[in-house]
Each structure stands twice: as C-alpha cells, then as structure tokens.
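We number each residue from 1, following the sequence as shown. For the numbers below, each heavy atom of this structure counts, side chains included, while hydrogens, waters and symmetry mates do not.
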Amino acid sequence: MRLLLMSDTHLPRRAGALPAPLFDEIPRADVVFHAGDWVDTATLDLLESRSRRLVAVYGNNDGPELRSRLPEVAYADLGGLRFAVVHETGPARGREARCAADFPGVDVLVFGHSHIPWDSTAPGGLRLLNPGSPTDRRRQPHGTYLTATIADGHLTDVTLHRVPRRG
C-alpha cells in the first residue's frame, strides 16, 4: 500500500498551486494524508477528487469552513497499522513521550505545524512523521513531502522528497 504524506500547504497564500511532483503523486497513492493548514477549501476539494482515500485534519490556520469538513484528529487502520493524524504536537522537546501518552494504541502519528520534517520513534514503538511543507519551507532548504509503503504490517520505504525551488 503506497502512502503520500503532506502538511502545511497554505494555499494560495504561500504558493499558487501544489508543486508538480507532489500533484503527480496524488493519484498514485492508495492513501493520501494531509496534516492540516490547508488555508483554502479548493485544495481540500482537489485532494478529495484526486485521492483514492484521503485522511486529513484541520490546522490552526484553517477557518470555519475547513473545520466544519475536517476533524482535529483523524484515525485510520491501514494494512495492519493504526494511524493517527493531528496538526500540532507541541514543542520538539519531549515530543515522543508526550505523543506516545496522547495516542495510545497508535502505530504511526502523522503531524504538521512546524514545517520541519521529522521522523522518530518513541519508546514503545510509536513512529512520528512530519512531512514538512511542500509550499512554505520556512527555515528549511527545500519544501518537502513524504512517501511510504505498508507491507506485511510494517511501514517501509519512508522517503523524504525535496520539492524543487520555484524560479
């Protein structure tokens, strides 16, 4: 099962559209995750129309219309793994222990907010993944998103993709 993970798209404020490499990945993924801060409903409509399955939440920059359509936390059971998606997880310091306590029984937590890619494993085995932002790199050298695979009940091939800088 092929996964595509993104967050913090901030469209159309930070970019006019999703970067082409990310856009092209959407229909190839079995499941698309978006960890919030969409800003516009057009991007949600686009992902809903192009995704086989979308697991998504709202973020702190998302207004009432997005909040009426998306949860604060989403859960999905995929290929023998339990996923949770949330926008904010608090400060980096203590994140693993805090998230393991906040999300018991979850195997993989997808989150956003910081625009900084993150891949760690908490004591007890919770995998934490932040795909960064494909459109608002902030202090990062590149915009980013993640792909991964679920095979035989395991998350494999977790790959951070760099988005080419706009000219």
Side-chain angles (χ1 to χ4, degrees), residues 1-11 14-15 17-39 43-44 46-48 50-62 70-71 73-90 92 95-96 99-100 102-103 106-122 125-166:
M1 182 179 301
R2 185 164 171 75
L3 310 179
L4 173 62
L5 297 79
M6 69 182 88
S7 187
D8 297 284
T9 48
H10 291 270
L11 295 177
R14 300 292 184 216
L18 292 175
L22 173 60
F23 185 80
D24 293 343
E25 282 287 338
I26 296 168
R28 290 195 281 256
D30 295 299
V31 182
V32 175
F33 291 88
H34 193 299
D37 273 5
W38 305 75
V39 180
T43 305
L44 174 56
L46 176 70
L47 262 62
E48 285 178 334
R50 288 185 56 87
S51 302
R52 292 182 202 171
R53 179 172 180 188
L54 177 64
V55 180
V57 298
Y58 67 78
N60 61 297
N61 283 296
D62 296 329
L70 296 166
V73 180
Y75 294 92
D77 294 316
L78 303 168
L81 297 173
R82 179 115 168 113
F83 285 77
V85 184
V86 67
H87 184 63
E88 296 185 58
T89 60
R95 178 174 284 142
E96 285 89 357
C99 289
D102 290 347
F103 295 94
V106 170
D107 299 301
V108 181
L109 176 65
V110 179
F111 67 99
H113 188 61
S114 67
H115 299 217
I116 299 170
W118 183 283
D119 182 352
S120 67
T121 303
L126 174 67
R127 182 89 176 256
L128 291 92
L129 296 173
N130 184 330
S133 171
T135 54
D136 186 9
R137 62 184 180 85
R138 289 198 182 160
R139 298 173 303 278
Q140 302 305 301
H142 300 275
T144 56
Y145 63 93
L146 286 169
T147 57
T149 303
I150 299 173
D152 299 321
H154 299 284
L155 190 66
T156 63
D157 303 322
V158 176
T159 304
L160 182 69
H161 299 269
R162 292 179 171 183
V163 173
R165 287 192 180 192
R166 294 182 306 239

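Heavy atoms only, all atoms of each residue included: A56 and P71 are closest at O-CD, 3.4 Å. The two residues V32 and S51 make their nearest non-hydrogen contact at CG2-OG, 3.5 Å. Residue A122 comes nearest to A100 through the heavy atom pair CB-CB, 4.1 Å, listed as atom of the first residue, atom of the second, then distance. Summarising the geometry of H87 relative to A35, their closest heavy-atom pair is ND1-O, 2.7 Å, with the distance given to 0.1 Å. Taking all atoms of both residues into account, the shortest heavy-atom contact from L47 to L18 is CD1-CD1, 3.8 Å. Nearest heavy-atom pair across T144 and G132 is OG1-CA, 3.5 Å.
The shortest side-chain heavy-atom distance between N130 and I116 does not fall under the 4.5 Å cut-off. Inter-residue side-chain proximity for M6 and H34 is flagged as met; some heavy-atom pair is nearer than 4.5 Å. Using a 4.5 Å heavy-atom cutoff, the side chains of L129 and L155 are in contact. Side-chain atoms of V106 and L126, non-hydrogen and from C-beta on, do get closer than 4.5 Å to each other. Annotation: side chain of F33 is not in contact with side chain of V108 (no heavy-atom distance under 4.5 Å). A 4.5 Å side-chain heavy-atom check between L54 and L44 finds at least one atom pair inside the cut-off. The side-chain heavy atoms of V163 and L22, taken from C-beta on, include no pair separated by under 4.5 Å. Considering only heavy atoms from C-beta on, L11 stays 4.5 Å or farther from V39 through its side chain.
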(request) Would you sort out whether L78 and D30 count as a side chain to side chain contact (heavy atoms under 4.5 Å, CB included), showing the intermediate values? (result) CA-CA 10 Å; L78 303 168; D30 295 299; over 6 Å; no
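Under the 3.5 Å distance criterion, the side-chain polar atoms of S133 are left unmatched by any main-chain donor or acceptor of G143. Under the 3.5 Å distance criterion, the side-chain polar atoms of W38 are left unmatched by any main-chain donor or acceptor of G59. Without hydrogens or angle criteria, T135 side chain to T9 main chain gives a donor-acceptor distance under 3.5 Å. Side-chain N or O atoms of R127 include none that pairs as donor or acceptor with a backbone N or O of D119 at under 3.5 Å.
Across V85, V110, D37, a single residue satisfies side chain to side chain contact (heavy atoms under 4.5 Å, CB included) together with V57, and that is V85. Here the rule is side chain to side chain donor-acceptor pair (under 3.5 Å) with T89, and of H113, E96, R95 only R95 fits it.
Taken to the nearest 0.5 Å, the CG atom of L146 stands 5.5 Å off from the CG atom of L5. Of the inter-residue distances, the one linking T121 atom OG1 with L128 atom CG reads 7.5 Å to the nearest 0.5 angstrom. R137 CZ to R162 CZ: the interatomic distance, rounded to the nearest 0.5 Å, is 11.5 Å. Note that OG1 of T149 and CG of L3 are 7.0 Å apart. Values are rounded to the nearest 0.5 Å.
Ring orientation note: the planes of H10 and H115 are tilted relative to one another, at an angle of 30° to 60°.
Because its NZ or CZ atom is not both nearer than 6.0 Å to the ring centre of F103 and within 45° of the ring axis, R82 does not count as a cation-pi partner of that residue.
Annotation for D152: atom CG does not count as buried by contact number, only 12 or fewer foreign heavy atoms lying within 6.0 Å.
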